Protein chains: 2
Amino acid sequence: MTVVYTQTDSGVRPVAASEPVSASERAYRQLRVEILDGELPSGTGLLEVEQAARIGVSRTPLRAAIARLISDGLVAGRSGRGFVVTEISVERIRELYELRQALEEQAARLAAQRRDPAVFLALREQFVSAPELLRQGEDGIHRYYDLIDELELAIDTAGANPYLVGALDAVRTHLSRIRRLARGNQTRLRAAATEHLLIIDAIIAGDANLAAHATHVHLHQSLTSVLAAIDEDAANRAD
Amino acid sequence: MTVVYTQTDSGVRPVAASEPVSASERAYRQLRVEILDGELPSGTGLLEVEQAARIGVSRTPLRAAIARLISDGLVAGRSGRGFVVTEISVERIRELYELRQALEEQAARLAAQRRDPAVFLALREQFVSAPELLRQGEDGIHRYYDLIDELELAIDTAGANPYLVGALDAVRTHLSRIRRLARGNQTRLRAAATEHLLIIDAIIAGDANLAAHATHVHLHQSLTSVLAAIDEDAANRAD
DNA sequence: CGAGCATCCTTTGTATACAGAGGGCTCAAT
DNA sequence: ATTGAGCCCTCTGTATACAAAGGATGCTCG
């Protein structure tokens with residue numbers, strides 16, 4: 001089944017933004033989100049014709065989308081048997097964090113050297129009141145994650161290094177695949193807020209080494225928490 | 001970032017050709033080499049039809065090649081006016097080295113922790129005799145660069161982190177575009193050999209911190225040398 | 001003479017038809 | 001019953017035809 005040619009695809013998605021994005025872009029975004037959200041779990045086989053029909057584009061833009069996903073490391077090619085969503089094992093998570101350590105520490109260093117204090121002072125206030133946010137249920141947790149995104153954006157912007165930001169984006173893409181597991185652990189989130197405050201203070205103070213070390217500690221704790229969540233998850237599945 | 005697995009690559013493939021590679025792969029490799037070697041300088045405009053005709057493939061595989069080059073950061077898309085080979089300014093080089101610092105230091109750390117001493121002891125011997133190599137003219141210099149590649153490969157292998165290796169590969173891709181400038185500076189190469197020896201010794205000793213610091217120093221010197229070479233080059237052009 | 005607009009042309013974006021490679025399945029022989 | 005070979009069928013790789021978008025140019029009107 002094909003949708004023939006889509007004229008001004010008006011209103012299929014809820015928020016959608018109504019921008020006239022290209023078919024390949026649409027396919028890329030949809031597949032990416034589906035992989036990241038776990039709707040297409042690790043190991044899922046992708047067939048060009050099948051996916052093209054499902055998304056409603058022809059094979060050409062779909063191929064472009066797959067190519068980008070391969071560059072992202074989210075999909076791998078098989079010989080003559082289509083493509084697969086890449087696996088993400090515990091070992092891979094450890095490796096990912098080794099890379100993340102290097103990148104985030106450098107980003108924190110650069111941010112401490114080049115930051116606009118006003119930006120981080122404003123962020124500081126928000127993180128101080130983060131524990132209150134966490135008492136507001138699911139919605140508060142969502143807003144807390146948004147806050148973390150803002151911090152990361154502020155650090156990236158202050159660092160002003162496109163190459164570093166690009167590498168970090170790649171890492172964060174993979175992280176978001178596993179973040180669902182540890183999501184919503186109140187105790188951990190409260191501790192994380194404290195650690196983030198430490199990082200912010202170091203950046204405000206312009207203390208690059210402290211910012212790097214605080215980041216190191218934070219990521220160590222984060223990894224520990226993630227691994228524990230996975231163990232717990234595995235134990236629950238075994239029951 | 002790419003890679004992940006695919007370790008069938010046995011050997012460095014000296015000539016490699018005559019494999020039945022796909023048209024898109026051919027187009028990608030050719031364009032990549034041409035950009036890296038400077039045959040297609042920064043700012044060169046690329047037109048699909050034109051390049052497809054030149055390389056001898058149709059537009060479809062060429063588009064795939066361009067897409068990969070965009071992922072690599074070697075090419076950028078223009079709105080309705082084709083594609084361009086990306087510019088590589090002094091500022092970009094500084095930024096690239098900031099990322100490289102983070103990655104190579106981490107790689108050195110991991111290598112020191114996980115290395116097989118025998119591999120690095122063998123490399124050590126070769127680097128001890130590197131100064132002799134440099135007296136043998138252009139051919140010796142070429143073998144010296146191969147030696148550096150071997151060291152990088154050994155460090156990557158010891159680190160055993162595909163994500164980190166992938167990020168480093170991306171950085172090295174961009175570096176090779178500017179390496180031509182500083183190539184063949186005997187004084188610098190001799191100093192670099194000493195710095196490499198220090199890194200190797202730290203890895204053999206299993207001293208992660210020393211390996212990281214030695215790498216930091218080495219890259220600092222390397223950047224200084226590269227920037228000086230560029231200044232000199234610019235001065236020569238101005239004459 | 002200048003500015004705004006319409007048109008054309010160039011170049012990318014998309015669809016589809018065709019070719020080739022690779023694996024799985026079946027059938028037969030031992 | 002098991003194993004081997006050969007065929008078939010599926011799926012990707014490639015080529016080409018068509019559509020649409022964006023910019024440059026020239027024309028006209030003020």
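Please read these numbers as outputs of a predicted model, since none were measured by experiment.
In this structure, CG of A:Leu62 is placed 12 Å from C1' of C:dT14, rounded to the nearest angstrom. B:Arg26 places its CZ atom 11 Å from the C1' atom of D:dT14, with the value rounded to the nearest Å. Remark: C1' of C:dT12 and CD of B:Gln51 are 15 Å apart, rounded to the nearest angstrom. What separates CG of B:Leu46 from P of C:dT10 is a distance of 19 Å, to the nearest Å. Spacing between atom CD of B:Glu25 and atom P of D:dT12 amounts to 18 Å, rounded to whole angstrom units. Spacing between atom CD of B:Glu48 and atom P of C:dT11 amounts to 11 Å, rounded to whole angstrom units. Across the protein-nucleic acid pair, A:Leu47 atom CG and D:dG13 atom P stand 12 Å apart, rounded to whole Å. Between B:Phe83 atom CZ and C:dT11 atom P the separation is 12 Å, expressed in whole Å.
Using a 3.5 Å distance cut-off with no hydrogens or angles, the side chains of B:Ser24 and B:Arg68 do not pair a donor with an acceptor.
Using a 4.0 Å cut-off between charged nitrogen and carboxylate oxygen, B:Glu98 and A:Arg109 do not count as a salt-bridge pair.
Of the side-chain N and O atoms in A:Arg59, none sit less than 4.0 angstrom from OP1 or OP2 of C:dT16. Under 4.0 angstrom from either OP1 or OP2 of D:dT14 there lies at least one side-chain N or O belonging to B:Ser24. Between A:Ser58 and C:dA15 there is a side-chain polar atom (N or O) within less than 4.0 angstrom of OP1 or OP2. Residue A:Arg63 places no side-chain N or O under 4.0 Å from the OP1 or OP2 atom of D:dT12.
Using cut-offs of 30° and 60° for the angle between ring planes, the A:His218 and A:His196 rings count as tilted.
Using a 4.5 Å cut-off on side-chain heavy atoms (C-beta onward), A:Thr86 and A:Arg92 make no contact.
Side-chain to base pairing of A:Ser22 with C:dT14: no donor and acceptor N or O lie closer than 3.5 Å to each other.
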